[in-house]
Every structure is written in structure tokens, then in C-alpha cells.
Amino acid sequence: MSITYLEAIREAQAKALADDPRVFIYGQDIGAFGGAFKATKNLAHEFPGRVLDSPISEDAMVGLGVGAAIEGRRPIIEMQFADFSTVGFNQIVNQAATLFWRTNVPCPITVRLPCGGTMGGGPFHSQTMESIYAHYPGLIVMTPATVEDAYSMLLEAVALDDPVVFCEHKLLYYHLKADKLPTEALPTGKARIAREGRDLTIVAYSAMVHEALAAAEELAAEGVQIEVVDLRTVKPLDTDTVMASVARTGRLLCVGESWPWGGVNAEVIARVASEGFGLLDAPPRRLNAKDTPVPYHPNLWAAHRPTARSIATEARKILRS
Amino acid sequence: MSITYLEAIREAQAKALADDPRVFIYGQDIGAFGGAFKATKNLAHEFPGRVLDSPISEDAMVGLGVGAAIEGRRPIIEMQFADFSTVGFNQIVNQAATLFWRTNVPCPITVRLPCGGTMGGGPFHSQTMESIYAHYPGLIVMTPATVEDAYSMLLEAVALDDPVVFCEHKLLYYHLKADKLPTEALPTGKARIAREGRDLTIVAYSAMVHEALAAAEELAAEGVQIEVVDLRTVKPLDTDTVMASVARTGRLLCVGESWPWGGVNAEVIARVASEGFGLLDAPPRRLNAKDTPVPYHPNLWAAHRPTARSIATEARKILRS
Amino acid sequence: MLQTALKPGAVGDSTFRETYLKAYRFMLLARILDDKFASLYRAGKIHGGVFLGRGQEALSVAIGLALQKGDIFAPLIRDLAGRLAFGEPVIDAVRTYLGSPLGPMRARDGNVHRGQPKEGIFPMISHLGAMISVVNGALLARRFSGVKDTVGAASLGDGATSTGAFHEGLNQAAVEKLPLLLIIANNQYAYSTPTTRQFACHSLVDRAVGYGVEGYSIDGTDLEACVKSLQQAASKARSGKGPQLIVANLLRLCGHGEHDPAEYVDAKLKCLPGGRDCLKAAEEEMQCRNWGHPEMISLWRSEAVHKVEEAVATVQREPGPDPYKEDWSAISTKHLSEGNG
Amino acid sequence: MLQTALKPGAVGDSTFRETYLKAYRFMLLARILDDKFASLYRAGKIHGGVFLGRGQEALSVAIGLALQKGDIFAPLIRDLAGRLAFGEPVIDAVRTYLGSPLGPMRARDGNVHRGQPKEGIFPMISHLGAMISVVNGALLARRFSGVKDTVGAASLGDGATSTGAFHEGLNQAAVEKLPLLLIIANNQYAYSTPTTRQFACHSLVDRAVGYGVEGYSIDGTDLEACVKSLQQAASKARSGKGPQLIVANLLRLCGHGEHDPAEYVDAKLKCLPGGRDCLKAAEEEMQCRNWGHPEMISLWRSEAVHKVEEAVATVQREPGPDPYKEDWSAISTKHLSEGNG
Ligand SMILES: Cc1ncc(C[n+]2csc(CCOP(=O)(O)OP(=O)(O)O)c2C)c(N)n1
Ligand SMILES: Cc1ncc(C[n+]2csc(CCOP(=O)(O)OP(=O)(O)O)c2C)c(N)n1
Ligand SMILES: [Mg+2]
Ligand SMILES: [Mg+2]
């Protein structure tokens with residue numbers, strides 16, 4: 001049997017609903033229909049009254065989740081696309097994220113964001129928003145890159161007493177497969193060494209981990225050994241694991257799908273430069289999407305986002321320096 | 001005669017309205033009342049029909065501005081507090097910011113955000129959002145630190161064909177004074193050397209420029225010469241000026257009022273580390289607000305944001321390293 | 001859909017007399033506490049803004065009295081009377097305004113941004129309209145738990161009806177048929193902005209039909225009308241009739257905040273129905289009906305003054321917050337906290 | 001407030017006959033072009049989604065015909081007929097769907113996200129409801145310029161009425177008394193979600209009174225009703241009567257997108273009024289009235305097919321976009337562009 005990244009997300013929600021009566025799911029078309037991506041397939045049927053179709057009201061969807069959380073529930077709010085969370089933004093960053101600090105009442109809400117570019121997605125169905133949400137105090141931001149993490153981290157997200165922005169990547173939904181669901185996982189907040197190497201550290205997360213691994217493969221043929229660090233969560237960010245890797249390799253390339261100004265890559269480089277300056281044998285570099293909206297046409301989209309090829313090219317530059 | 005930072009903003013809007021018939025202003029309580037901070041005092045009277053009170057509808061306020069811009073107008077949209085732009089967020093980052101790239105029709109809209117902490121402001125009347133807006137392609141983000149820049153940069157913002165998020169700092173509104181309005185200014189996108197020095201570069205913007213200058217003064221007494229760079233605009237970011245300064249001093253401290261994860265400080269450090277690695281004689285460091293909402297009580301607020309004292313302390317650390 | 005507020009024959013009935021007097025006492029206490037905050041503000045003793053409920057006590061107290069222990073209340077900035085009637089201790093308000101670390105917001109948040117979620121008082125965030133869907137969520141959670149006979153009330157001003165959050169929140173409650181009381185205090189202004197710049201409908205109650213909820217239009221300065229309408233609305237909500245939209249007409253008898261002289265207020269409004277002082281009106285009503293003798297009222301007043309002065313004195317002796325005692329972490333899972341980057 | 005759509009006696013009148021036939025031709029062209037997009041989608045020739053207006057052509061075309069050159073139209077995803085009637089060239093649609101760099105969106109945006117602002121067609125962003133206030137702003141700008149006799153139309157679905165943007169936009173237009181036509185195509189579903197999960201009011205037209213705007217409720221499958229109601233609403237808006245809210249009842253005769261088999265659609269709906277195919281209905285109507293002989297109609301059909309095939313053939317010969325020719329800058333002030341960090 002083999003299971004996809006998307007099925008893992010569906011299974012994690014099924015398990016959360018089955019194990020914890022406090023869990024419910026709220027979002028557009030997630031009930032009988034099973035969601036725009038089928039991440040809640042059959043869940044409304046298996047868990048009557050606990051998987052509810054919402055109106056097209058992102059602000060109220062998140063607000064409702066916060067209110068239910070105050071009453072001890074563990075809501076999962078599905079945004080149909082991450083891009084639409086901009087209209088639920090205020091409730092996420094100012095309501096959910098501030099509740100515990102202001103009132104000492106925890107806010108165990110999970111907001112699922114189907115993120116990232118796909119062929120023909122275009123400017124408003126392709127955005128990644130981890131760099132926006134991670135800036136705000138009070139939020140945990142997860143960016144699983146594997147089927148196993150999609151499953152175990154979503155269960156973690158629901159179990160945590162704090163608001164979690166769960167960034168799942170649409171490009172991984174169907175193609176990424178595993179043989180079975182994991183029974184154990186790294187703790188939340190710990191990064192993972194996705195591939196070991198001694199010449200260069202590539203820090204990535206979400207779909208970019210796979211581009212980085214492909215680049216590492218390509219470079220291996222050239223006799224270069226790339227270490228790939230999968231951040232898993234971007235807030236909190238596992239500086240120790242990154243630093244330990246850079247200590248081994250002396251070189252750092254950060255790869256992310258979000259826009260170049262600020263964000264995960266800038267944060268990682270700033271931390272390494274501040275706390276691990278002496279570890280660096282060469283200037284740290286980063287690779288992001290280009291500084292425009294995400295283009296519709298595949299030709300343009302392929303040039304807009306980092307790919308195994310552009311990562312390999314960037315890596316060679318660093319290795320030469 | 002002396003003029004405050006707030007009066008300079010009012011004067012810039014008066015001049016823009018007088019010089020350019022395409023300009024109008026739209027926002028809550030900005031008409032006869034002159035605005036919550038009086039940034040539009042008497043303008044409704046002086047320019048009948050061009051300074052309009054809006055309903056409490058931030059999303060529609062920005063949307064209206066974009067539509068008017070399409071028709072060739074130059075709207076200035078006043079948010080009552082930057083914090084409330086979260087409910088106008090979608091129209092700023094997905095409508096205004098994408099219009100030109102998608103349609104080739106420019107979007108000359110200026111969104112004024114009264115930003116930053118003040119005594120007793122609390123979590124929802126104190127936020128700075130430059131780090132959020134600067135992440136998005138299609139926006140220019142200005143953060144004036146002086147009376148002169150408040151005036152000339154706002155005029156620039158209105159004159160530019162692109163959407164500008166204009167971050168004015170409430171703490172500077174009344175206290176910061178100049179003798180007269182400027183007749184010339186640095187071009188948009190150029191940073192300013194606010195104070196020259198050879199031992200350490202402090203990069204700051206908005207209200208933090210003044211904290212940095214105070215720290216520099218304090219350290220001068222200890223025989224240390226601090227160079228203070230005022231970014232003026234955080235997007236685009238004047239990497240050249242920053243790099244040139246670091247080339248002189250070899251040491252870098254970035255200071256900002258926004259939250260620690262990501263944002264302006266991380267971006268500046270990432271650029272210097274990537275492009276000016278060899279210029280650094282010591283690890284670059286940064287100082288931000290603490291990673292919680294902005295506290296209400298002055299005791300807590302003073303500890304939450306960077307101050308001349310905490311900047312000086314941080315600077316000494318770097319100078320010792 | 002539109003309903004008249006008064007149940008005929010109710011007047012004079014003795015339990016109502018007690019309710020009325022009880023309401024009046026809370027209004028009086030609220031007025032006195034508000035006045036105290038105003039004077040503390042003028043004395044420079046309060047950081048940031050001070051926002052009063054002067055002129056809106058009748059409506060606000062009616063909300064607090066229509067709610068029962070265990071219900072939910074998301075008050076807005078002019079709801080001191082309702083908060084007190086619902087059970088918020090005077091000292092909570094004082095501690096929050098004066099920034100005492102012993103208050104419910106621990107000096108982290110201030111003035112009207114206070115509450116105790118576990119006691120059913122949801123502390124507003126500033127963004128207008130944002131609390132409605134939060135109340136919806138709490139009510140939905142209670143439905144999940146099989147809790148019956150509960151309601152949640154959310155207060156709003158006329159200006160806040162222009163927010164998208166108001167629309168999404170009320171519509172969501174209507175779709176889920178939640179026991180939500182949405183009370184709109186139309187005090188004629190949003191800060192300086194008159195209602196003509198805020199909406200174009202004849203009355204905000206005309207919105208009820210568009211959501212499929214019941215609507216009430218009342219004189220917010222008439223204590224009896226407020227108490228009876230809110231009670232009627234609350235019992236309807238409790239009995240499964242879904243959201244109830246109460247629109248009260250009244251006038252803000254103070255500035256938007258104490259910093260605001262409010263010269264923009266049209267003096268004529270004071271002479272119109274809804275423009276009078278609801279506290280005075282209640283006193284006159286009590287006289288006509290011969291309810292509560294003047295001596296009793298002045299006794300109540302001095303008791304209220306004493307209560308307020310005592311609370312203020314206590315809080316003023318309390319030390320301010322100590323930044324070194326703060327853990328500066330915004331999340332409850334401490335080992336995941338990033339500290340201060 | 002609620003109005004009946006039909007002006008009596010209009011039927012048969014010869015200019016109306018022409019309008020009707022003209023409308024029918026655009027509906028036919030839209031249906032054929034939509035069908036072509038569907039087959040291109042099935043053939044894997046289109047990147048991303050394909051969204052059809054099948055079943056909504058009568059309403060959509062009526063919008064396009066009620067508008068004049070110089071007016072503003074913010075179409076939504078099911079407005080191909082209205083776009084064509086308003087003047088959008090067939091090739092613009094084809095180029096956008098096939099991602100030709102020669103199209104108005106230059107392959108940067110696709111499918112229904114197309115338009116030419118300077119021609120009065122505002123290209124939607126995906127966020128539902130977001131275009132209303134943009135149309136308001138354009139109309140306000142025209143008022144500033146003293147432009148009279150102009151209107152702006154914004155299309156919406158039933159689901160989009162649940163967005164805060166819908167509320168803020170319509171309310172804003174009402175406050176400014178702008179000449180906005182807000183057309184709601186209630187096609188019974190928002191993607192898979194039935195209206196019972198979207199709103200609780202009896203009819204969406206009941207919302208008009210709450211905004212103080214005129215409301216119309218029409219059968220969206222009745223071409224005559226659509227054309228006349230939209231013309232009536234447009235002339236009212238032109239003459240300064242403020243926003244007009246048109247709510248049309250109809251059924252989406254396709255999936256949400258072509259990827260969607262839409263098994264969730266209740267078959268009974270097809271038998272209810274509003275459930276029929278408006279194109280067939282118009283043809284039947286034409287037969288009864290003896291307007292346009294069958295031969296003419298089949299001639300029109302083949303002309304339309306030809307037009308569509310020609311456009312597709314042309315565009316398919318056009319080269320795709322070249323990333324190296326892109327300047328990858330999102331702002332117009334090039335010297336301020338950060339490039340690609
Ligand atoms: C979304 C949002 N925009 C702006 C503000 C700033 N603001 C605070 S109170 C207020 C006026 C509110 O008027 P109304 O709703 O009528 O309540 P009232 O003050 O009259 O009781 C405004 C504009 C806010 N708090 N939230
Ligand atoms: C704010 C927002 N949330 C979610 C979506 C995703 N979405 C796109 S179309 C659609 C359904 C729209 O239904 P309706 O408004 O009835 O229009 P219809 O498709 O029926 O014509 C949804 C949920 C969106 N585009 N915007
Ligand atoms: Mg008001
Ligand atoms: Mg629909």
C-alpha cells in the first residue's frame with residue numbers, strides 16, 4: 001500500500017477526529033464534498049456533525065475557530081487556498097495569536113493553508129505565506145516536506161495548545177508518496193537532515209526540500225557532497241541544527257519559494273551570520289522566487305521559482321567562492 | 001517658525017492637493033474633523049469635495065483607491081492606525097500590488113499608516129507593519145524618520161506611479177520638530193547617513209533612528225564613533241549605502257521596532273552577509289522589539305522596544321567582539 | 001419581523017420594579033466609575049485613552065441583565081454598565097485602566113480591552129466587528145457539548161456595522177442559527193463620523209431581514225424598553241429562534257474618548273428622542289412611579305462612590321508591572337518559544 | 001423596493017426584437033466558446049482550471065448589453081456572454097486561457113482573470129467580492145471628473161455574498177450613491193456548497209433594503225426578464241438613483257470548474273423555475289414569437305463556431321511566453337525595482 005502527502009493529511013485529520021472529541025473541522029466545501037483537494041474526503045460521513053461547510057467568510061471562519069478554542073475545542077480551519085487567508089488575516093494575527101498572551105487562555109487552533117505554486121495556478125492560487133505568519137508573535141508555523149511529516153506534524157499541530165499555521169504544499173499533494181504512515185516523528189521545532197554531506201549546507205523547507213535534494217543528486221555526480229536541512233517548522237526555527245550543519249560544511253545556501261524580501265531565507269542567514277559567523281568559509285547565499293506575483297504560464301512559473309537546476313547553479317557559485 | 005512631523009504630513013497633503021487635481025484623500029474621520037491625529041486638519045475645508053470621510057471599511061477603502069487610480073486619480077488612503085490595515089490587507093497586497101504587473105496599468109495609490117508604539121497604545125494601536133508589506137512584490141514601503149522626510153517623501157509617494165505604503169511613526173508626530181519645510185530631498189530609495197562614524201554602523205529607520213542617534217551620542221562620550229544609517233525606504237532597500245558604511249566601519253548593528261522574526265533587520269543582515277561578507281570584522285547583530293504583542297503599560301512597553309540604552313549595550317558587545 | 005419592545009401590562013409588576021431598580025443601580029455605578037476614569041485621565045493618571053459609556057448605560061445594563069451566569073458577553077467600548085451587571089468586578093476595570101499587574105490583563109492590555117474568557121467575558125481586540133464570530137464559535141462549541149439554554153451577546157456601534165467582520169459574523173450566526181444577541185448601539189456617530197457617512201438604509205434594523213434574523217428597534221434611552229426587549233430577545237435566542245438583532249437609538253453623551261471635545265456633535269440631537277440622558281430619564285421614571293425614594297437613591301449613590309473610591313485607592317497602592325518578571329513569550333508551549341530573537 | 005422586471009406591452013416591439021436576437025447571438029457565441037474551452041481542457045491543452053458560464057448566459061449577456069461603451073464592467077467567472085456583449089474580443093479570452101503573451105494578461109494571469117482596465121473591463125482578482133469597491137473607486141473618480149451618464153457593473157455569485165468585501169463594497173456604493181449595478185447570480189451553489197449553508201434569508205434581494213438600495217429579483221433563465229431588468233436598473237443608476245442590486249435565480253449547468261463532475265447538484269433543481277437552460281429557452285421563445293428562422297439560427301451557429309475555431313487556431317500558432325523576455329519587475333518605476341533579490 002502507498003499513501004500520498006494529501007492522503008496523509010486526510011488520515012491525520014481522521015485520527016485527530018477519532019482520538020479527540022474536541023476536534024472539529026470547518027471550511028468551505030469540506031463536508032460531503034470532501035474539500036477542493038479532497039483533504040477531508042468522507043470525514044463528514046465518518047464523523048457526523050464535526051466536519052462543517054462554512055460560508056465564504058474567511059474572517060468569520062477563523063474567528064469562530066478562536067471562540068470554539070476558548071471553550072476548549074480544537075478546531076481545524078481549512079482555507080481553500082493559502083492565498084485567501086489574506087481576508088482571514090486579522091483574525092489569525094490579531095485574535096488567535098494574541099489570545100494567550102493577553103488572557104492566559106490558550107488558543108489551540110490549527111489553520112490549514114494549501115500553499116505554493118502549481119502549473120497554471122497563477123497569482124492568486126499559488127502563494128506561500130509562511131514568511132508572513134512567522135513574523136507574528138504567538139503563532140507556530142509548520143511547513144512539512146514529506147508524507148510522514150504531513151501526517152505527524154498535523155497531529156502535533158492539533159495537539160498543541162497554541163495556534164498553528166499549517167502550510168501544506170499543493171505540489172506535493174498527489175505526487176509525493178510513502179509506503180506507510182509513521183508511528184513516530186521528530187519533535188515539533190526540530191529540523192531534519194534530509195541528506196548528509198560535507199561541502200555545502202542547503203537549508204530548505206516544504207516543496208523546496210525536494211528541489212534541493214534533486215540538486216544535491218545532480219552535484220553528487222560532480223563529486224560534491226551537499227547536506228540538505230529540512231527546517232520542518234519555520235517558527236520556531238531550529239537554529240542549532242542549521243548551525244551544526246554549517247559547522248560541518250562551512251557553506252550555506254538557503255532556498256525558499258516565498259518572495260525575496262525578508263522571510264525564512266533572510267531569517268536563517270541573519271541567524272547564522274550573527275551566531276555562527278566564524279563557521280562560514282564563504283558568504284551565505286539564498287535563492288527565492290522572483291519579486292513578482294506568481295505567473296500563470298508554466299514557462300514563466302518555472303523561471304519564477306527556484307528549481308533543482310537554479311539551486312545547483314547557485315550552489316556551484318558558492319563552492320567556487 | 002517651527003513645524004512638527006505631523007504638520008509636515010499635513011502640509012505635504014495640502015501641497016499635493018493644491019498642485020495636482022488628481023489627488024484626493026479618503027479615510028475615517030479625516031474630513032471636517034481633520035483625522036484622529038489631525039493629519040488632515042482643515043484640508044476638507046480648503047479642498048471641498050476632495051477629502052472624504054469613509055465608512056469603517058478598510059477593505060473597501062483601499063479597493064476604492066485602486067479603482068480611482070485606474071481612472072487616473074492619485075488617492076491617499078489614511079488608515080486610522082496601521083494596526084487596522086490588517087482588514088484592508090488583501091486589497092493592498094493582492095489588488096493594488098498586482099495591478100501593474102498583471103495589466104500594465106499603474107496604480108498610484110498611497111496608503112498612510114500611523115505606525116509604532118506610544119505610551120498606553122497597547123497591542124492594537126502600536127504595530128509597525130513595514131516588514132509585512134515590504135515582503136510583497138509591487139509595493140514601495142517608506143519609513144520617514146525626520147520632519148523633512150515626512151514631508152518630501154509623502155510628496156514623492158503621491159507622485160510615484162506605484163502603490164506606496166507610507167509608514168509614519170506616531171511617536172514622532174508631536175515631539176519631532178524642524179525649523180522649516182525642505183525644498184529638496186534625497187531621491188526615493190536612497191538611504192541617508194544620519195551621523196558619521198568609523199567604528200560601527202547602526203542601520204535604523206523611522207523612530208529607531210533617533211534612539212540610535214541617542215545611543216551614538218552616549219557612546220561618543222566613551223570615545224566610540226558610531227555611524228548611523230537611516231534607511232528612509234525599506235523597499236527598495238539601499239544596499240549600496242549600507243554596504244559602503246560597513247566597508248568603513250567593519251561592524252553592523254541593525255535596529256528596528258518590528259518583531260524579531262524576519263523583517264527589515266533580517267533582510268539587511270542577509271544582504272550584507274551575502275554581498276559584503278568580506279567587509280565584516282565582526283558578526284553582524286540586530287535589535288528588535290520582543291516577540292510578543294506590544295504591551296499596554298509604559299514599564300513593559302519600554303522594555304519591549306529597543307531604546308538608546310539597549311542599543312548602546314548591544315553596540316558595546318559588537319565593539320568588544 | 002420588526003417587533004415592538006413592550007409587553008403590555010408588564011409595567012408596575014413588582015418583580016419588574018426590582019429589575020428596574022437593580023438596573024438603575026448598575027447604571028449609577030457605571031456612571032460614577034466612568035466619571036472617575038475621566039477625572040483620573042484629566043489628572044494624567046491613565047496611560048492612553050479613556051472611553052466612556054455615558055448616555056448608553058440603559059442599553060448596556062439591559063444586556064448584562066438579560067444574560068445569565070454562564071452566558072457569553074463580548075462588550076465593546078461603552079459597556080461598563082453591562083459588564084458590571086454581568087458580574088465584572090469594579091476592580092477589574094480599575095486595574096486594567098491603571099495598568100495593575102494584578103488585573104485580568106496583567107498590564108499587558110488596557111482600558112476597554114479587558115475580560116475573562118473563562119468567566120464568559122471576552123476581551124475585545126480593537127478591530128471592530130471581530131468579536132462576533134468569536135462569540136459564534138463559543139456558542140457552536142456549546143452546541144457540540146450539548147449545552148442548552150445559553151446565549152452570547154456581542155455589542156457593536158453604528159460605525160462597526162460597516163465592517164466586513166460584522167457582515168460575516170452575523171451571517172455566520174444566522175446560517176448556524178446560533179443563540180447570538182447582536183446589539184447595535186446607534187449613538188449617531190462613529191468617532192466624528194455621522195451615520196449619513198456610514199450607511200444609507202433608513203434604519204439599521206432593516207438589515208435583519210437580509211440575514212433572516214429577528215430585528216428589534218428600540219429607544220436606547222428608555223430603560224424599560226431596553227430591559228424588556230433584551231429579555232425578550234434573550235429568551236427567543238435561548239429557545240432556539242436563532243440570532244436576534246437589536247438596534248438601539250441613542251446619543252453618545254461624551255467625546256469618542258476623553259481626549260475628544262466632540263464639537264462636531266449636532267446640538268439638536270439632544271432634543272430628539274434618544275438624545276436624552278438615560279440615567280436622568282430612569283430617575284424621573286422612578287419618581288413618577290414612586291419607585292425608590294430620593295433618600296435611597298442618594299444612599300445608593302454614596303455607596304457607589306465609596307465602592308469606586310475604595311477600588312481606586314486599592315489599585316493605586318498596587319505596584320506597577322515589572323518587565324523583569326515577564327517571560328516575554330507569546331505562546332503557552334514554552335519550550336517552543338523563540339524568546340526574543 | 002422589490003420590483004417586477006417586465007414592462008408590459010414591450011413584447012413584440014421591433015427594437016426589442018433586435019435586442020433579443022442580438023443577445024441570443026452573444027449567448028450562442030459564449031456557449032460555443034465555453035464548449036471549446038471545455039474540450040481544450042479535456043485535451044490537456046489548458047493549464048489550470050476552466051470555468052464556464054453554461055446556464056448563466058441570459059443574465060450575463062443582459063449585463064453586457066445594458067452597459068455602453070465607456071461604462072465599467074467587473075465580470076466574474078461565469079460572464080463570458082456579458083464580456084462578449086460588452087466588447088471583449090473572442091481572441092482575448094482564448095489568448096488568456098492558452099497563455100499567449102499576446103493576450104491582455106500576457107500569460108502572467110490566466111483563464112477568467114482577464115480584462116483591460118482602460119477599456120472598462122476590470123480583471124478580477126480571485127478573492128471574491130474584492131472588485132466591487134474597485135468599481136466604486138472608478139465611478140467616484142468619474143464623478144470627480146464630472147463624467148455623467150456612466151455606470152459600473154460588478155458580477156457576483158451567491159457564495160460571494162458571504163464575504164466581508166461584498167458588504168463593505170455595496171455599503172460604500174450606497175453611502176456615495178454611486179451608479180453601481182451589483183448583479184448576483186444565485187446559481188444555487190458555491191462550488192459544492194448549497195445556499196442553505198451560505199445564507200439564511202428568504203431571498204438575497206431582501207438585503208437591498210438594509211443598504212438602502214433598489215432591489216430586483218428575476219428569473220435568470222428568462223432572457224427578456226434579464227434584458228429588461230438590467231436595462232431598467234442601468235437607466236436608474238445613470239439617472240442618479242444610486243446602486244441597484246439585481247438578484248437572479250438560475251442554475252449552474254456545469255461543474256464549478258471543468259475538473260468538477262458536480263455530482264452534488266440536486267437533480268430536482270433542473271425542474272424548478274430557474275433550472276432550465278436559458279439558451280434553449282431563448283430559442284423556444286424565438287420560435288413561438290417567430291423571431292429568427294431556424295436556418296438563420298444554424299447560420300449564426302456555424303458563424304460562431306467558425307469564429308471560435310479561427311481564434312483558437314490563430315492563438316495555437318502563437319509562441320508561448322519567453323521568461324528571458326520578462327523584466328521580472330512588479331512596479332512601473334523601474335529604477336526603484338529591486339530585481340530578484
Ligand atoms: C477595523 C477598525 N477600523 C478602525 C478602528 C478605529 N476606531 C475605533 S472606535 C471607532 C469608531 C467606532 O464607532 P461606532 O462603531 O459607532 O462605536 P462608538 O464609538 O460610537 O460607540 C473607530 C473608527 C477600529 N477600532 N477598527
Ligand atoms: C475570498 C475567497 N474565498 C474562497 C475562494 C475560492 N472560491 C473560488 S470560487 C468559489 C465559489 C464561489 O461561489 P459563488 O460565489 O456562488 O459563484 P459561482 O461559482 O457559483 O458562480 C470559491 C469558494 C475565493 N475565490 N475567494
Ligand atoms: Mg457610534
Ligand atoms: Mg453560486
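Just so it is clear, the model here is predicted, and its values are computed rather than measured.
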*Is there a donor-acceptor contact under 3.5 Å linking the side chains of B:E257 and B:Y205?*
no

_Engaged part of C:A160 at the chain B interface, taking heavy atoms whose separation is under 4.5 Å_ = backbone

_Only heavy atoms, only distances under 4.5 angstrom. Which residues in residues 300-308 of chain B are near chain C?_
B:L300, B:A303, B:H304

*Measure distances from C:Q198 to the heavy atoms of chain B and classify the residue's part below 4.5 Å as side chain, backbone, both or neither.*
both

*Expected output: side-chain B:D83 to main-chain B:S126 donor-acceptor under 3.5 Å*: yes

*Do side-chain atoms of B:S57 reach the backbone of C:S162 as a donor and acceptor pair under 3.5 angstrom?*
yes

*Given a strict heavy-atom distance threshold of 4.5 Å, which part of C:I125 is in contact with chain B: side chain, backbone, both, or neither?*
both

*Are C:H256 and C:Y189 close enough that their ring centers fall under 6.0 Å?*
no

*asked:* Salt bridge or not between C:D35 and C:R54? Use side-chain N to carboxylate O under 4.0 Å.
replied: yes

Which pairs would a plain distance check flag for residues 33-50 of chain B, meaning a side-chain donor or acceptor within less than 3.5 Å of a matching protein atom at least two apart in sequence or in another chain?
| from | atom 1 | to | atom 2 | distance (Å) |
| --- | --- | --- | --- | --- |
| B:K38 | NZ | B:F33 | O | 2.7 |
| B:K38 | NZ | B:G35 | O | 3.3 |
| B:T40 | OG1 | B:I30 | O | 2.7 |
| B:T40 | OG1 | B:G34 | O | 3.0 |
| B:E46 | OE2 | B:R10 | NH2 | 2.7 |
| B:R50 | NE | B:V23 | O | 3.2 |
| B:R50 | NH1 | B:L17 | O | 3.1 |
| B:R50 | NH2 | B:L17 | O | 2.8 |
| B:R50 | NH2 | B:D20 | O | 3.0 |
| B:R50 | NH2 | B:V23 | O | 2.9 |

*Just wondering, are more than 12 heavy atoms of other shown residues or ligands nearer than 6.0 Å to NZ in C:K118?*
yes

*Highest number of heavy-atom pairs under 4.5 Å with chain B: which of C:S192, C:A330, C:P323?*
C:S192

*asked:* If you take the centroid of each ring, where Trp contributes its six-membered ring, are B:Y133 and B:F89 closer together than 6.0 Å?
replied: yes

*Aromatic contact, C:Y211 with C:H167 (centres under 6.0 Å)*: yes

_Residue of the set C:I246, C:L76, C:I132, C:L59 for which side-chain contact (heavy atoms from CB on, under 4.5 Å) holds with C:S155_ = C:L76

*Indicate whether any N or O donor in one side chain lies under 3.5 Å from an N or O acceptor in the other, for B:D29 and B:Q80.*
yes

_Side chain / backbone / both / neither for B:T86 at chain C, heavy atoms under 4.5 Å_ = side chain

_Within the supplied structure, the quantity of interest is the number of heavy atoms (other residues, nucleotides, ligands) at a distance under 6.0 Å from C:K325 NZ; does it exceed 12?_
no

*Reported CG-to-CD1 distance for the pair B:L113 and B:I77, which is rounded to 0.5 angstrom*: 11.5 Å

_C:Y191, part contacting chain B, at a heavy-atom distance under 4.5 Å_ = both

_Any residue of residues 309-316 of chain B which, by heavy atoms, sits under 4.5 Å from chain C_ = none

*Any residues in residues 96-111 of chain C near chain B, with a heavy-atom distance under 4.5 Å, and which are they?*
C:T96, C:Y97, C:L98, C:G99, C:R106, C:A107, C:R108, C:D109, C:G110, C:N111

*How about B:H125 and B:Y296: are their ring centres within less than 6.0 Å of each other?*
no

_C:R114/C:E88 salt bridge by N-O under 4.0 Å criterion_ = yes

